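Below: one structure, written as structure tokens.
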Number of protein chains: 2
Amino acid sequence: MPDDVAGRVVGSRMRDVAKQAGVSPMTVSRALRDPSKVSEGVRRRVEEAVRAVGYVPNRLAGNLSSMRSNVIGLVVPSLDNSLYAPTIQSISAVLRDSGYQLMIADCGYSLEGEEALIIAFLAQQVAGLMLHDTRHTRTACEMIRRAGVPVVETGTLVPDPLDMVVSYSNQDAAGAMVRHLHRLGYRRIAFVSLPAGNNDRSRDRQAGYRAALAALDLPAEPGLMLEMPPGLASGAEAVVRLMQGPTPPDAIFMAGDVLAAGALFECQRRGWAVPGKVALAAFDDIDMLRHVVPPITTLRLPRSGIGRRGAEVLLDRIEGRCKERVVVDLGFEIIQREST
Amino acid sequence: MPDDVAGRVVGSRMRDVAKQAGVSPMTVSRALRDPSKVSEGVRRRVEEAVRAVGYVPNRLAGNLSSMRSNVIGLVVPSLDNSLYAPTIQSISAVLRDSGYQLMIADCGYSLEGEEALIIAFLAQQVAGLMLHDTRHTRTACEMIRRAGVPVVETGTLVPDPLDMVVSYSNQDAAGAMVRHLHRLGYRRIAFVSLPAGNNDRSRDRQAGYRAALAALDLPAEPGLMLEMPPGLASGAEAVVRLMQGPTPPDAIFMAGDVLAAGALFECQRRGWAVPGKVALAAFDDIDMLRHVVPPITTLRLPRSGIGRRGAEVLLDRIEGRCKERVVVDLGFEIIQREST
DNA sequence: TTGTATGCGTTATCAA
DNA sequence: TTGATAACGCATACAA
């Protein structure tokens, strides 16, 4: 029963249930975690006793004693960014269905921040980690290795994974869109992305853009590449700067989150026909891009699948169903719409 | 040092550090949690030993032993909805700066789901709870009461809070927008919201709309109220249904998340002037609404402030800095733009 | 300032 | 099928 101990209300413990049911605590433990290991009568009495005393198991104690954990730690660069929402949602669903809990933290695109969070998660004895950045401090890598905790990286298809990877290739995706625009006849393809400095995905996308240009024998004009901070306003600014430059592009590939929508809204304001004056392509199929006028050509990324499969392979490993260091490429898809 | 025990790699324990530093485990514990309680020399030796053996404290054991917890549980109706992102981000920032961890789960707008998550969080021995729904099952309330865990509700200014509340009033906000539209001269004000069935906020907003109409002596025509599922497409459908009805409105107040943007895009497609043919107002100042053409009048809600203040009052309570059951009204603001 | 004994609530292990 | 005992890793309380 609830007791007030030193100003702190505590719940009932397993031995309260045991007393109530007239069995030993160990039997309660068994009845709760594997009912088939106790007799029918005991099982019923324990169930009743649990209800009677309002017992809620203490998973801290359970985890400590069993040297197991039912907590997964997730580090994302930012929680403010709705891009991670579908991924987090899917992770959450898989974990919930398997009796795991999700611990989330954001590192603000900082490697040192990520390191601190990883250590905090290890201190919490997480059973596994999911990371969205693909570069990590030496200390972070070392800590993870020593702890022997399974890790899934989800940001991009990294060449030298810590452990497991579930993602798509940002580099391939950017290249595929450039080739798509080229097939449609565009030749002066500009590229706008978030700053690559603190964002691995942006770096990969820039590399994919450059590689595709080279493969297509298109010149890589520095004036056609722009780095902009996130936000609709940045997209608007980018399209203006590119179109008012000396040799404007005939297509702009916006590889930032909502940059493309910002660019389109700016075109609407200025009466610039899309794709008549300039074609627009985006990276990531957020719902909005399908509904604006005109709808924007984009890449559909496996946001939700990354969360689901990532959580699945992590749990498979934790529960011993799979020993390997899998690398899962979930691919991407080009969605051709009216803006190109 | 890491040891392989029964297939499981374990980290170093406090007594490994103690041995290395030539002191007792208790001294290590003190040196780590309150360095001022040990001598200078011991402090240095412990710090070195910690680095030498790569020690990471086991917070499960620490929490169990101290009967404290550094974990906060947050339940949101959905993680897929980017609306909660700024709130979660702010909570995360406050907790991180105070050495707490955030456990997140989504209940899918289900009361039973919420109950299960609350029980799971209590089993994890969370130090506090943040809930975004305002109705809870009897069992959930009972569990929380018995556990004596501080709770902050953030969904709306509830009349009968479980404990503490940090929010704004959805009802007042909806009413304020109706009065604003009335001041601008609109008289046939339609109202579109998400289904109220599983969403307390929608219910409150509908009530606010109705109350404001009554106060303004405007008739409450059933044909002017619509419930739509979330999404841009719903907004588009809603505006069409309202405008093609027998007596179309002169203004539509879209109290759903991105419904207003969907409605505007549909008006763009059909060439309906906004606000010439119909005025549009929204609920919640997502960035997009400022950038579309025309920018949409809306209510600015304290999304981020709710997270920050909510986490702050929760920690104040947990750490004994405040005993009261505070109710914080963070208010709202009407942002008049060109769509009305 | 430091160390010793004890307990946190559960599970592993082994004996009955 | 059940129970007694000993961890799990750390912190509280008290003694030195």
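Letters A, B, ... mirror the listed sequences (proteins, then strands); counts begin at 1. Treat the numbers as computed from the prediction; the structure is a model and nothing was measured.
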Nearest heavy atom decides the nucleotide; on that basis, is B:L64 or B:S24 closer to the 5' end of DNA chain C? B:S24
Closer than 4.0 Å, any side-chain N/O of A:R13 to the OP1 or OP2 of C:dT10? no
Taking distance alone, no hydrogens or angles, what donor-acceptor pairs closer than 3.5 Å link side-chain atoms of residues 147-158 of chain B to residues at least two apart or in another chain?
unit_1	atom_1	unit_2	atom_2	d
B:E153	OE1	B:L162	N	2.9
B:E153	OE2	B:H136	NE2	2.7
B:T154	OG1	B:L131	O	3.3
B:T154	OG1	B:H132	ND1	2.9
B:T156	OG1	B:N170	N	3.3
B:T156	OG1	B:N170	ND2	3.0
B:T156	OG1	B:D204	OD2	3.2

If you check every side-chain atom of A:V23, which of D:dC10, D:dT12, D:dG3 has the closest atom? D:dG3
Send over the distance from A:R68 CZ to C:dT10 P, rounded to a whole Å. 16 Å
Without decimals, in angstroms, what is the distance between A:L60 CG and C:dT10 C1'? 10 Å
A:D80 CG to B:R303 CZ distance, which is reported to the nearest 0.5 Å: 12.0 Å
Closer to the 5' end of DNA chain D via nearest nucleotide, is it B:R59 or B:R30? B:R59
Let me know the distance between CG of A:N58 and C1' of C:dT10, rounded to the nearest Å. 7 Å
Tell me whether B:R45 contacts the main-chain N or O of B:A21 through its side chain, where contact means a donor paired with an acceptor under 3.5 Å. yes
If you find the nucleotide of DNA chain C closest to B:S65 and the one closest to B:M26, which residue's nucleotide is nearer the 5' end? B:M26
For C:dT10, take OP1 and OP2 only and decide whether either is under 4.0 Å from a side-chain N or O of A:Y55. yes
Counting side-chain heavy atoms from CB outward, which of C:dG9, D:dC8, C:dT2 is closest to B:T27? C:dT2
Tell me: CD of B:Q124 to P of C:dG9, nearest whole Å? 16 Å
Contact class for A:P25 (heavy atom, under 4.0 Å): base, sugar-phosphate, or nothing? nothing
For the pair made of CZ in B:R45 and C1' in C:dT2, what is the distance, rounded to whole Å? 11 Å
So, does A:S39 get its side chain near the phosphate of D:dT1, meaning an N or O under 4.0 Å from OP1 or OP2? no
Which whole-number value in Å describes the distance from B:K19 NZ to D:dG9 C1'? 14 Å
Rounded to whole Å, the CG-C1' distance (A:L32 to C:dT11) equals 12 Å
Just checking, any donor-acceptor pair under 3.5 angstrom between side chains of A:T134 and A:D200? yes
OP1 or OP2 of C:dG3 versus the side-chain N and O atoms of B:R15: is any pair under 4.0 Å? no
Test item: B:S98 side-chain N/O and B:Y100 main-chain N/O as donor-acceptor pair under 3.5 Å: no
In whole Å, what is the span from the CG atom of A:N63 to the P atom of C:dA12? 11 Å
Can you find a side chain N or O atom of B:S29 that sits less than 4.0 Å from OP1 or OP2 on D:dC10? no
